[in-house]
Amino acid sequence: MVSMTTTPPRPEERAPLDLSGKKKRQASERLVKYVLVACSLVTVATTVGIIAILLYEALRFFRDIPFWNFLAGSTWTPLFSGSQQEFGVVPLVMGTLMTSVVAAIISLPLGLGAAIYLSEIASERGRSVLKPILEVLAGVPTIVYGFFALTFITPVLLQPLIPGIGTFNGLSAGIAIGIMALPTVTSLSEDALRAVPRSLREAGFALGATKFETSVRVVVPAAVSGIVASFLLAISRAIGETMIVAVAAGQAPAGQSGGSDGWWDLTESMQTMTGFIAYTFSSDISRESTAFHSLFGVGLLLFAMTYLMNLLSQWVTKRYQEEYE
Amino acid sequence: MSTSVTTAQGSEQYHARLRVRRVLSEFWRWIFFASTALAIVLLGMLLYSILVPGLPWLSWNLITEMPSRIPEQAGMNSAIWGSIWVVLGSAVLSFVLGLGTAIYLEEYAEKNRWTAFIQTNISNLAGVPSIVYGLLGLVVFVDLMNMGRSVLAGAFTMAILILLIVVISAREAIRAVPSSLRQASYGLGATKWQTVRSHVLPVAFPGILTGVILAMSRAIGETAPLIVVGGASQVLFRPGSPTDPFMVMPLQIYNWTGRPQPEFEHLAAAAIIVLMIVLLIVNSLAIGLRHYFSKKTRI
């Protein structure tokens, strides 16, 4: 850095400008730029790495188990031995879908309702109290939601309603995921609602609409791209959520535990795709077995599902965004 | 027959309808309020379900002792130290990489397809489930780079995961620096890097620091990728070097929650209280720092 310590000399006695550091500066400027570019490449390398590793390891798995048998097979028993070992991923996918649907039923309407309340109805003071509380929900680690599902939702909330419900069940996990995803929906939807210009609301009121009519028929439609994007993000998080299902949803895939009536039975153990990965790693498993490679097949499917949800979310945001001046 | 209505009739219909609309408006107002209230009630239940079994089990033993088969003697000392190692390691790594990425994207990158690609890529990565990062860490750090199931592998995996949070908040902080500062620096003949280093970064620093701390708080609670990278087996000693195996707090909680004895469930609740207190401290630190700096540097 150039530092100026003395007062500038008079023009006639000023030495010619010393530019000898210019070359060095140019070189270090270039070096800095290269280092920064290298940093930014880490994020790209992460994506490439994830896709390459999942594909490479999954292909090794598909050499043992044909892709179609994996995708359409209806029995998932990778840790069994011999002829009883089967790699049909449908029960795991059903587990993921069923818990995510429960989560969506909880988080989407509640989250949107809370967003409308915070953005359209609550006073500034009410909002300043309620919003931080919801943000606390967003900061709770997911393992805590898993604990909550196992030790409170199932025995205290669900047992009285559904007497035969298992200790581990898909329903409690789904509810806990729903609670976890709720702040995502609320805060993103609220941002979208608040971005709608005030003039639209005033126009609604001027036409004689009530508060509710203005909120639901003017403001919500204007913010629909942000709201749908928040829904999709919440569903994507529900699909990828691991710790809640690892703790509360049980280790038998949907339809494969003793008392289960089938893939749809939320009251019994319902292992999801993420739950399978977590469970398999917490039990020691041979690194050369087909079961180990199946982890990457499941991982690839999981990645593809959440990636599609994200692309969809971006597309919705772009396609349906309303622009206001 | 006539389709027209008299003014009196119309007005009557209008007022009848208006009453219904007002009732409806009021009704939905309560529905929206109820959904907000329900979210808060749920948070209350969550805290209740942890505090009631956990508080009686909260003791110094829990913090100073190692895990044990006997619940009365079991503690999470190794997990606390493991969390400190992994979280600090990942914070340093993600700070360096994240700041570099943010500076590049905000100050250096031209607006072209490649930059747009990096940006889209960052928002796509944010949606990848954390357990997938675990699979990446297992293959790249544990196996390929031969780190084994060590603190180092855990810190690298976690760094990649929280990198996005650092990048996004650092970019926001850098973007918020007024361009007049940069112009003034250029006007005095400073080079780009001199401008960034001596004028942009000092002003953006509080925002960047807050982002790093929030990323740390995410790392403290994150469990899934570390199950894959570190394994969930008990660790009965503190890590002494980056190549040692490790246990972290949420993983210890997972371990205890999964046991059949109710004592361990209570122990898990107590451990959750410790974890939540740590998170509370870290988050308050972020808020406090932001507040402190926003008073100090105002432009």
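Please read these numbers as outputs of a predicted model, since none were measured by experiment. Proteins come first, then strands; the chains are lettered A, B, ... in the order of their sequence lines, and each starts at number 1.
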Chain A heavy atoms under 4.5 Å from [X]: which part of the residue, side chain, backbone, both or neither?
X: B/Thr191; value: both
X: B/Asp143; value: side chain
X: B/Leu105; value: neither
X: B/Leu38; value: side chain
X: B/Val96; value: backbone
X: B/Ala269; value: both
X: B/Phe27; value: neither
X: B/Leu18; value: neither

Quick check on the interface: out of [options], who has the most heavy-atom pairs with chain B under 4.5 Å?
options: A/Leu130, A/Val42, A/Leu295, A/Val144; value: A/Val144
options: A/Thr306, A/Thr43, A/Val37, A/Asn310; value: A/Thr43
options: A/Gly299, A/Ser236, A/Ala278; value: A/Ala278

So which part of [X] gets closer than 4.5 Å to some heavy atom of chain B, the side chain, the backbone, both or neither?
X: A/Leu157; result: side chain
X: A/Tyr307; result: side chain
X: A/Ile133; result: both
X: A/Leu233; result: neither
X: A/Val32; result: side chain
X: A/Glu241; result: neither
X: A/Ala176; result: neither
X: A/Val216; result: side chain
X: A/Thr47; result: both
X: A/Arg287; result: side chain

Give me the atom names and distance for the closest heavy-atom approach of B/Arg29 to A/Tyr117. O-CD1, 4.4 Å

Return yes if some donor-acceptor pair links the side-chain N/O of A/Thr210 with the main-chain N/O of B/Arg22 below 3.5 Å, else return no. no

Can you tell me how far apart [atom1] ([X]) and [atom2] ([Y]) are? Round to the nearest 0.5 Å.
X: B/Ile118; Y: A/Leu41; atom1: CD1; atom2: CG; value: 6.0 Å
X: B/Ile103; Y: A/Leu36; atom1: CD1; atom2: CG; value: 5.5 Å
X: B/Tyr108; Y: A/Lys33; atom1: OH; atom2: NZ; value: 8.5 Å
X: B/Leu47; Y: A/Phe148; atom1: CG; atom2: CZ; value: 9.0 Å
X: B/Ile272; Y: A/Ile143; atom1: CD1; atom2: CD1; value: 7.0 Å
X: A/Cys39; Y: B/Tyr104; atom1: SG; atom2: OH; value: 11.5 Å

Applying the side chain to side chain contact (heavy atoms under 4.5 Å, CB included) criterion to [X], which one of [options] satisfies it?
X: B/Leu46; options: A/Val136, A/Ile153, A/Val140, A/Ile179; value: A/Val140
X: B/Leu136; options: A/Ile51, A/Leu54, A/Ile50; value: A/Ile50
X: A/Ile121; options: B/Phe32, B/Phe33, B/Trp30; value: B/Phe32

With side-chain contact (heavy atoms from CB on, under 4.5 Å) as the test, would you mind laying out the steps for A/Glu213 and B/Leu24 before giving the verdict? CA-CA 9 Å; A/Glu213 287 160 348; B/Leu24 212 64; over 6 Å; no

Under a 4.5 Å cut-off applied to non-hydrogen side-chain atoms, are A/Ile53 and B/Leu135 in contact? no

